[in-house]
Amino acid sequence: MLIYFVALLPVLGWGFMPIIANLRKSTPEEQLLGTSISALIFACILFWIVSPEVTIASFIVSFVSGIFWSFGQLLQFKGIAASSVAKAMPISNGTQLVGATLFAVLIFHEWQTMSAVVIGIFAVIFILVGVVMTGFQKRGNQIKESVSIHVYAIVILSSFFLTLYVVTNQLFHVTGFAIILPQAIGMLTCAIGINLAKKSAISHKNVAFNLLTGLSWSIANLGMFLATAVLGVATSFSISQACVIVATIGGILIFKQKKSPLEWTFILSGVGLIMVGVVLLSLLK
C-alpha cells in the first residue's frame with residue numbers, strides 16, 4: 001500500500017510544480033534557476049545516502065540529459081507565461097507522451113505486432129484530441145480553440161527537449177540513481193548559462209522562492225524512481241501522468257480562472273482522453 005502512495009508523489013510533485021512556479025511573478029529564467037538549484041541540493045543529499053556508482057561515460061550522458069531538461073523546462077515556463085498553467089500543461093504532457101512514443105517506435109522498436117501498432121495509433125489520437133480539447137474556450141455562443149499557434153510552438157519545442165531529456169539515458173543504457181546527480185549538475189550549469197546570457201538583473205527573492213518549485217520536481221522524480229523499481233515502468237508511468245489532472249484543474253482553481261459548464265466539459269473530457277491514451281500506451285510497455 002505504501003508503494004502506491006510513493007507512486008502518487010510524481011502526480012502531486014509534477015502536477016503542482018508549474019503552479020508553485022507561477023504563484024510569484026518570476027521570469028522563466030528565474031524559475032529555471034531556482035528549480036535547478038533545489039534539484040542539485042536534493043540530488044547531492046540523495047547521492048550521499050545511496051552512493052551509486054558513476055562512471056565517466058554515465059556522467060557525461062546524464063549531464064547532457066540535464067542540459068536538455070533545462071532548455072525544455074525554460075520553454076515550458078515561457079509557454080505557461082504566455083498562456084496559463086491550465087492551458088500549457090495539457091499540451092506539454094500530451095506532446096511529451098507523443099514524443100516519447102515516437103522515440104519508442106522509431107529508435108527502440110517497441111511496437112513489434114500489428115495489435116501494438118493499432119493500439120498505439122489510437123492512443124496517440126486520443127492524446128492529441130484531448131490536448132486540443134483542453135484549450136477550448138467559450139466565446140459568445142461558440143466554443144473555440146483559445147491557445148495561440150505561438151504558444152503551441154513554444155510548448156511543442158519544449159516537449160522535444162524534455163523528451164530528449166527522458167530518452168538520452170535510455171539510449172545509452174544509463175539507469176538507476178547514478179543518473180540523478182550528474183543530471184542535476186547539467187541542469188544547473190545550463191540554467192546559470194541561460195541567466196548569464198540574458199544579461200538582465202535577477203531577483204534573488206524570486207530565485208529563492210523557486211527552490212520550492214525544484215523541491216516539488218525533485219520529490220516527484222524520486223517517487224518515480226522508487227515506484228518504477230517496485231511496480232515496473234508501465235504502472236508507475238501511467239500513474240505519474242495523472243499529474244496533468246492536478247496541473248490543469250489545480251491551475252484553474254488556484255488561479256481563479258472562471259470557466260463555464262461547457263468549458264469544464266471540454267477540459268475534463270480532454271484530460272480524460274489524455275489519460276485513456278496514457279493507459280493504452282502503458283499496455284504496450
Side-chain angles (χ1 to χ4, degrees), residues 9-47 63 65-93 96 151 154-155 157-159 161-162 165-166 180-225 240 243-244 246-248 250-257:
L9 292 179
V11 177
L12 299 174
W14 285 329
F16 279 111
M17 175 195 165
I19 295 173
I20 294 170
N22 286 274
L23 288 174
R24 187 180 177 93
K25 297 287 185 180
S26 308
T27 66
E29 291 80 7
E30 290 167 346
Q31 291 171 335
L32 178 69
L33 185 57
T35 302
S36 301
I37 292 171
S38 186
L40 181 59
I41 293 170
F42 194 92
C44 287
I45 295 171
L46 194 61
F47 187 86
F63 182 89
S65 75
I67 292 174
F68 286 142
W69 177 89
S70 287
F71 283 118
Q73 194 58 57
L74 175 68
L75 289 167
Q76 186 189 86
F77 284 145
K78 285 181 177 289
I80 292 171
S83 55
S84 68
V85 173
K87 288 181 180 179
M89 289 311 296
I91 302 171
S92 182
N93 281 92
Q96 283 180 64
V151 171
I154 292 174
V155 178
L157 185 58
S158 159
S159 295
F161 283 110
L162 290 174
Y165 145 72
V166 170
I180 293 181
L181 182 58
Q183 196 172 71
I185 295 172
M187 290 160 60
L188 182 57
T189 301
C190 188
I192 291 171
I194 288 170
N195 275 273
L196 290 175
K198 192 184 176 189
K199 296 180 181 179
S200 59
I202 297 172
S203 168
H204 296 293
K205 288 184 178 180
N206 287 345
V207 172
F209 178 84
N210 279 285
L211 293 177
L212 294 175
T213 308
L215 179 62
S216 183
W217 183 88
S218 298
I219 291 172
N221 205 34
L222 176 60
M224 188 63 180
F225 265 93
S240 72
C243 64
V244 69
V246 176
T248 304
I252 292 171
L253 298 177
I254 291 173
F255 295 112
K256 299 179 180 179
Q257 299 172 3

Non-neighbouring partners of [X] that pass ring pair (Phe, Tyr, Trp, His ring centres under 6.0 Å), sequence neighbours left out:
X	result
Phe42	none
Phe47	none
Phe209	none

Donor-acceptor contact below 3.5 Å, side chain Ser216 vs main chain Leu212: no
Expected output: side-chain Thr35 to main-chain Thr213 donor-acceptor under 3.5 Å: no
Close side-chain approach of Leu74 to Phe161, heavy-atom, < 4.5 Å: no
Validation row: Leu196, Ile192 side chains within 4.5 angstrom (heavy atoms): yes
Got a sec, which residues hit side chain to side chain donor-acceptor pair (under 3.5 Å) with [X], two or more places apart in sequence or on another chain?
X	answer
Ser158	none
Ser36	none
Gln73	Gln76

With a 3.5 Å cut-off and sequence neighbours excluded, list the donor-acceptor pairs that the side chains of residues 12-25 form with protein atoms.
residue: Asn22; atom: ND2; partner: Pro18; partner atom: O; Å: 2.7
residue: Arg24; atom: NE; partner: Asn206; partner atom: OD1; Å: 2.4

Between Ser92 and Gln96, a side-chain donor and acceptor under 3.5 Å: yes
Contact list for residues 180-195, test side chain to side chain donor-acceptor pair (under 3.5 Å), sequence neighbours left out: Ser65-Gln183
Test side-chain contact (heavy atoms from CB on, under 4.5 Å) applied to Ile37 - qualifying residues, sequence neighbours left out: Leu33, Ile41, Leu188, Val207, Leu211
Selection residues 68-80 - residue pairs positive for salt bridge (Lys or Arg N to Asp or Glu O under 4.0 Å), sequence neighbours left out: Glu29-Lys78
